[in-house]
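Reckoned from all heavy atoms, side chains included, excluding hydrogens, waters and symmetry mates. Start at 1 and go down the list; that is how both ligands and their atoms are numbered.
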Amino acid sequence: MGSWTLCDIPWERFDPARVDPEIVRVVKAASLVEYNGAAYAHHLCRVFADDTAFQSSLRHWGEEEVQHGAALARWATLADPGFDFAAAFARFQAGFHIDFDSGRSRRGSRAGEMVARCIVETGTSSYYTAMAEAVDEPVLKAICHHIAADELRHYKLFYTHMRRYLVIDHLTKWRRIRLALGRLREAGDDELAYAYYAANETDRPYQRRRYARLYARGAMRVYRWHHVERAIAMVFKAAGLKPHGRLNLWLARGAWWVVRQRVARLDRQPA
Ligand SMILES: [Fe+2]
Ligand SMILES: [Fe+2]
């Protein structure tokens, strides 16, 4: 297990008066995605079947992701005692399918798989850092601080192995950039929208656009400029570009403008 456990969380400091119901809904969704980390670890162990040393790091990584899910689920149950995590996770697994048993990387190469994992960890590291700064509830704040530190370590883990596999797989810089952009685009795919649905809805049928919008409305407003700037620098580094150049600054400004516009638009839309 990682550098912390659920015993390190100050659960006794939970303050229901500081709970934001919209944050509870996105935390429930995040708990399902994180708890599914074991399935991703299983898939990556298949992809890196002949790299036993890395497999051991991957299993450790998967355990940490599962712990993130367990901590968030426990907090969500404190905030909403009616939340049935086991039932929600079963709904999520039943409705969200990826072939986790496949030993073939969806990115075309193992170096490409590492580029994609760096992008995912950029997203989670930025999200939990932003969440830790945005929320008032002390227990959730502590959980997010722990998770954010883990996610940054995960980025470093995958970045280290990406560099090793770049040499083995001869991945060009252009291909690396395309893979990073492709994985960024997937941020809008079904996983988070379906997790939001499985965690919060039991009566209606799934509508991707509706639940993607509801998830984004709860999640995007925690970001501030410095989170976006750092995330773009991490994406640039994973893609093999200079992380602190002029292009990075322009893109970060553009991304921050998009985030603000999107938050304003989501706030104007009915629930
Ligand atoms: Fe995580
Ligand atoms: Fe992670």
So, is His154 placed with an N/O/S atom under 2.8 Å from the Fe ion (ligand 1), counting both backbone and side chain? no

Shortest-distance N/O/S atom, Glu151 versus the Fe ion (ligand 2): OE1

For the metal site, I want the angle between atom OE2 of Glu121 and atom OE2 of Glu65 with the Fe ion (ligand 2) at the apex, to 10°. 90°

Show your working on salt bridge (charged side-chain N to carboxylate O under 4.0 Å, His left out) between Glu64 and Arg153 and close with a plain yes or no. CA-CA 11 Å; Glu64 290 190 348; Arg153 252 190 317 103; 3.4 Å; yes

Where the Fe ion (ligand 1) is the corner point, what angle links ND1 of His68 with OE2 of Glu34, to 10°? 110°

Whether Arg117 engages the ring of Tyr40 as a cation-pi pair (distance to the six-membered ring centre under 6.0 angstrom, angle to the ring normal within 45°) should be assessed. yes

For Asp50 and Arg110, what are the C-alpha separation, side-chain angles and deciding distance, and is it a salt bridge (charged side-chain N to carboxylate O under 4.0 Å, His left out)? CA-CA 12 Å; Asp50 59 353; Arg110 296 196 282 186; 2.8 Å; yes

Are the charged groups of Arg217 and Asp267 less than 4.0 angstrom apart, N to O? no

